[in-house]
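Worth saying up front: this structure is predicted, and the values here are computed from it rather than measured. Remember, it's 1-based here, ligands and their atoms both numbered in the order they're listed.
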Amino acid sequence: MSQTDIGPPLYKDMLPPVIVSNYGKWKYHEILKPGVLVHVGESGDKIYTVRVGSPRLVSTDYIRDLADIADKYCDGYLRFTSRHNVEFLLTDESKLDPLIAEAKKVGLTPGGTGHSITSIVHTQGWIHCHTPATDASGIVKAVMDDLFDYFGSHKLPAQVRIALACCLNMCGAVHCSDIAILGIHRLPPKVDMDKVGKICEVPSTVASCPTGAIRLDAKTKTVTVIEEKCMYCGNCYTMCPAMPLMDPDGDGISIWVGGKVSNARHAPMFSRLAIPYLPNNPPRWPEVVDAVRNIVEVYAKHARKHERVGEWIERVGWERFFSLTEIPFTDKHIDDFTLAQDTFRTTPMFKW
Ligand code: SF4
Ligand code: SF4
């Protein structure tokens, strides 16, 4: 096939030789210590993984540091995980400790395996995207600085996956993470009447609204927003830059809990709303940091071994979750959107 510049190269071209020769024939894996795994093949071959955290938005110098370590100890092989960890892959066990020592010298800490908090997956935030209700990297840095002790240890009941998406379009995994930090807009877009006709295509702007909240104003050749129908998704702003919905007081953060992708013990679960609104308070977002730590600590104290956050909440009941975490339950927790009857709990059974 001819080479193009579209899309990534075929992943199989870059696999370490030991993975190619044992492809589909791995027998088991073990976590040797926080941040270090071994996979053993049916052939008896072993591949060791040293996982370290990454800040996701990285510099060229940082990549060079990673590449130097991979060249020296791993025949050049490393990979990035979907949660922004970096994994060095090697076959020579005797190189593990020197690799870890060298990684620590350049500020890379092994961890993120097993019953830990791994790197927080996050979206673009103020640095890049056009619809964020909050920042991404800034909050993640503040939250992870506070919880860093849980990264390089296995002292939680199970793994805790934290995710951040800076708006509800949700490029991050907030719908299926144990704890999710989600930016929310609380005000409809402000239409700049002068600009709409000049820089926007009105029919596609009207069509962009999933709830039909945008109406054409034929007289002025612009649009109006029916505020009660708006769910603050920002879709229209993507089509029409004359409809910004960012607002310093309206925007903020919500916290969701209990999602997971894993099929172990329980089917995958969606995250649910725990805290409807926290203010944007850069540069260190103390309210968000405190809220996440509180949930982690209450979970760590009350959950059984191997129980994920959602599984723990389901066992004790949501009422108990709110009382243990002392998070107030408000009218904002009740979904009153048009299609909400599908999600209402219709049983009188309560768990206490
Ligand atoms: Fe942009 Fe929303 Fe994705 Fe953040 S979550 S990067 S604001 S689309
Ligand atoms: Fe429609 Fe979303 Fe724009 Fe509101 S923010 S008007 S729901 S597209």
Side-chain angles (χ1 to χ4, degrees), residues 55-58 82-84 119-143 161-177 179-193 195-197 199-217 220 222-256 259 270-271 273 276-280 282 285 288 335-340:
R56 182 178 186 271
L57 299 179
V58 299
S82 58
R83 282 189 184 259
H84 310 153
S119 286
I120 300 180
V121 65
H122 71 84
T123 53
Q124 326 303 331
W126 290 334
I127 204 162
H128 180 65
C129 194
H130 63 298
T131 52
T134 187
D135 194 23
S137 327
I139 302 172
V140 164
K141 168 80 175 130
V143 170
R161 301 288 181 245
I162 305 182
L164 181 146
C166 37
C167 85
L168 48 67
N169 289 321
M170 206 186 69
C171 311
V174 291
H175 64 301
C176 60
S177 290
I179 300 176
I181 304 164
L182 175 64
I184 46 159
H185 298 288
R186 298 186 302 166
L187 296 171
K190 297 176 255 335
V191 183
D192 186 332
M193 303 283 188
K195 287 195 185 140
V196 169
I199 59 173
C200 305
E201 202 179 71
V202 170
S204 49
T205 303
V206 172
S208 73
C209 180
T211 64
I214 303 176
R215 289 279 183 270
L216 168 69
D217 186 338
T220 57
T222 176
V223 294
T224 50
V225 175
I226 305 165
E227 298 200 358
E228 311 79 70
K229 282 191 157 187
C230 177
M231 61 174 179
Y232 325 128
C233 68
N235 236 23
C236 50
Y237 182 54
T238 305
M239 292 305 298
C240 175
M243 297 181 70
L245 80 165
M246 267 79 84
D247 184 278
D249 299 320
D251 295 353
I253 288 158
S254 56
I255 307 282
W256 300 66
F270 278 129
S271 317
L273 181 68
Y277 178 79
L278 293 168
N280 271 324
W285 280 271
V288 179
D335 185 359
D336 59 357
F337 191 59
T338 325
L339 305 173

Enquirer: Just need the protein heavy atom nearest to atom 8 (S) of ligand 1, so name the residue and atom and give the distance.
Expert: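 Going by distance alone, atom 8 (S) of ligand 1 is nearest to Cys171 SG, 3.6 Å.
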Enquirer: Could you list which atoms of ligand 2 come closer than 4.0 Å to a heavy atom of Met231?
Expert: 4 (Fe), 7 (S)
Enquirer: Quick one: look up the protein heavy atom nearest atom 3 (Fe) of ligand 2 and list residue, atom name and how far away it is.
Expert: Cys236 SG, 2.3 Å
Enquirer: Suppose I only count heavy atoms of Pro132 and a 4.0 Å limit; which atoms of ligand 1 are within that range?
Expert: 7 (S)
Enquirer: Note the single closest protein heavy atom to atom 2 (Fe) of ligand 1, along with its residue, its atom name and the distance in Å.
Expert: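 I find the closest protein heavy atom is Cys167 SG, 2.3 Å.
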Enquirer: Short list, please: which atoms of ligand 2 are under 4.0 Å from a heavy atom of Thr211?
Expert: 7 (S)
Enquirer: Donor-acceptor pair, distance only, cut-off 3.5 Å: does the side chain of Arg56 make one with the backbone of Ile120?
Expert: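 Side chain of Arg56 to backbone of Ile120: no pair is present.
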Enquirer: What protein heavy atom sits nearest atom 4 (Fe) of ligand 1, and how far off is it?
Expert: Cys166 SG, 2.2 Å
Enquirer: May I ask whether Gly234 has any heavy atom positioned less than 4.0 angstrom from an atom of ligand 2?
Expert: yes
Enquirer: Look at atom 6 (S) of ligand 1 and say which protein heavy atom is nearest, naming residue and atom and giving the distance to 0.1 Å.
Expert: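 For this ligand atom, the closest protein heavy atom is Gln124 CG, 3.2 Å.
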Enquirer: Considering only heavy atoms of Thr131, which atoms of ligand 1 have at least one such atom less than 4.0 Å away?
Expert: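 Here the atoms of ligand 1 in question are 1 (Fe), 2 (Fe), 7 (S), 8 (S).
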Enquirer: Under 4.0 Å from a heavy atom of Cys209: give me the atoms of ligand 2 that qualify, with their elements.
Expert: 1 (Fe), 6 (S), 7 (S), 8 (S)
Enquirer: N/O/S of Cys230 less than 2.8 Å from atom 4 (Fe) of ligand 2?
Expert: yes
Enquirer: For ligand 1, note which part of Thr123 has a heavy atom under 4.0 Å away: side chain, backbone, both or neither.
Expert: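 Side chain only.
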Enquirer: Counting only heavy atoms closer than 4.0 Å, does ligand 2 sit against the backbone of Pro210, its side chain, both, or neither?
Expert: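 Side chain only; the backbone of Pro210 stays clear of ligand 2.
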Enquirer: Which heavy atom in Leu273 sits nearest to a heavy atom in Trp256, and how many Å separate them?
Expert: N-CE3, 3.2 Å
Enquirer: For the cysteines Cys240 and Cys200, is the SG separation below 2.5 Å?
Expert: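 Answer is yes: Cys200 pairs with Cys240 in a disulfide.
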Enquirer: Okay, side chain of Arg83, backbone of Ile162: is any donor-acceptor separation there less than 3.5 Å?
Expert: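 At least one qualifying donor-acceptor pair exists.
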Enquirer: Within ligand 2, which atoms have a heavy atom of Ile214 less than 4.0 Å away?
Expert: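 Listed by number with element, the hits are 6 (S).
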Enquirer: Classify the side-chain pair Thr222/Asp217 by whether it contains a donor and acceptor separated by less than 3.5 Å.
Expert: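 No donor-acceptor contact under 3.5 Å links the two side chains.
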Enquirer: What are the two closest non-hydrogen atoms of Val225 and Pro188, and how far apart are they?
Expert: CG1-CB, 4.3 Å
Enquirer: Under 3.5 Å, side chain of His130 to main-chain N/O of Pro241, donor-acceptor pair present?
Expert: no
Enquirer: Distance to 0.1 Å, residue and atom name: give those for the protein heavy atom nearest to atom 1 (Fe) of ligand 1.
Expert: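 It is Cys129 SG, 2.2 Å.
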Enquirer: Taking Thr134 for its side chain and Asn280 for its backbone only, find out whether a donor-acceptor pair lies under 3.5 Å.
Expert: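 No, the answer is negative, given that no donor and acceptor are paired below the 3.5 Å cut-off.
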Enquirer: Of all heavy-atom pairs between Cys236 and Ile214, which one has the smallest distance, and what is that distance?
Expert: CB-CD1, 3.4 Å
Enquirer: What's the shortest heavy-atom distance between Asp135 and Trp126, and which atoms?
Expert: OD1-N, 3.0 Å
